[in-house]
Amino acid sequence: MTDASRASSPDPDATDAAGSAGQELPPLPKGMRYRKPRRPRGARESLLSIVLVLEAIMFFFPMLVVYGKHEIPAGWAFGGGLGFMVVLAIASRATGNRAGVWFGWLLQVAILATGLVERFMFVVGVLFVAMWVYCYVKGGQLDRQNADARAAWEAENGA
């Protein structure tokens, strides 16, 4: 199967003859090894991960604003901001399971709570919560749609 036909096929498990489970792969030059195939990700997982990474990037700017206004000590501003950025980035990798998604919801509440330190973060928090909810709902719809298409394709092709 060629790369073009694999890309158009709704079956992500389709592989060519060299990659099928029944045949042995050809040897590689010394020092090289075959990569383990990546786990397929759903639309919801991908979209929620993107939102969390965007929030981590965005958090750099409120950190600077809080530091510039001298509302809290510099160590707390930078330590809290950088810590929150790291937590958001790590959480973006955990959206593949239920606990990771729930942790993402908790982080949305925490971002809203940062409005207690800087008022404009209430506006930013509401925008990101709206984006999170939209990606959660739309990602679930896309995952169901893709599962239905895959089931129809498997029923049609006897897979």
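These numbers come from the heavy atoms of this one structure, side chains and all, not from hydrogens, waters or symmetry mates.
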Give, for atom [atom1] of [X] and atom [atom2] of [Y], the distance between the pair rounded to the nearest 0.5 Å.
| X | Y | atom1 | atom2 | answer |
| --- | --- | --- | --- | --- |
| Glu45 | Arg93 | CD | CZ | 8.5 Å |
| Trp105 | Leu48 | CH2 | CG | 8.0 Å |
| Glu55 | Met58 | CD | CE | 6.0 Å |
| Leu52 | Ile111 | CG | CD1 | 7.5 Å |
| Trp132 | Leu127 | CH2 | CG | 16.0 Å |
| Met121 | Phe128 | CE | CZ | 8.0 Å |

How far apart are the closest heavy atoms of [X] and [Y], and which atoms are they?
| X | Y | answer |
| --- | --- | --- |
| Gly139 | Ala43 | O-CB, 3.9 Å |
| Ser49 | Ser92 | OG-O, 3.0 Å |
| Tyr136 | Arg44 | O-NE, 3.0 Å |
| Gly125 | Leu112 | C-CD2, 3.5 Å |
| Ala77 | Val66 | CB-CG1, 4.2 Å |

With a 4.5 Å cut-off on side-chain heavy-atom distances among I, L, V, M, F, W and Y, is there a chain of contacts connecting [X] to [Y]?
| X | Y | answer |
| --- | --- | --- |
| Leu82 | Leu88 | yes |
| Val137 | Leu47 | no |
| Val87 | Trp76 | no |
| Val126 | Val117 | no |
| Met63 | Leu116 | no |

Test item: [X] and [Y] side chains (from C-beta on) under 4.5 Å apart, heavy atoms:
| X | Y | answer |
| --- | --- | --- |
| Phe103 | Leu107 | yes |
| Leu64 | Phe59 | no |
| Glu118 | Pro62 | no |

Do other residues, nucleotides or ligands put more than 12 heavy atoms under 6.0 Å from Phe78 CZ?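 Above 12, so yes.
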Phe122, CZ atom: more than 12 neighbouring heavy atoms under 6.0 Å: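 Check passes, neighbour count above 12.
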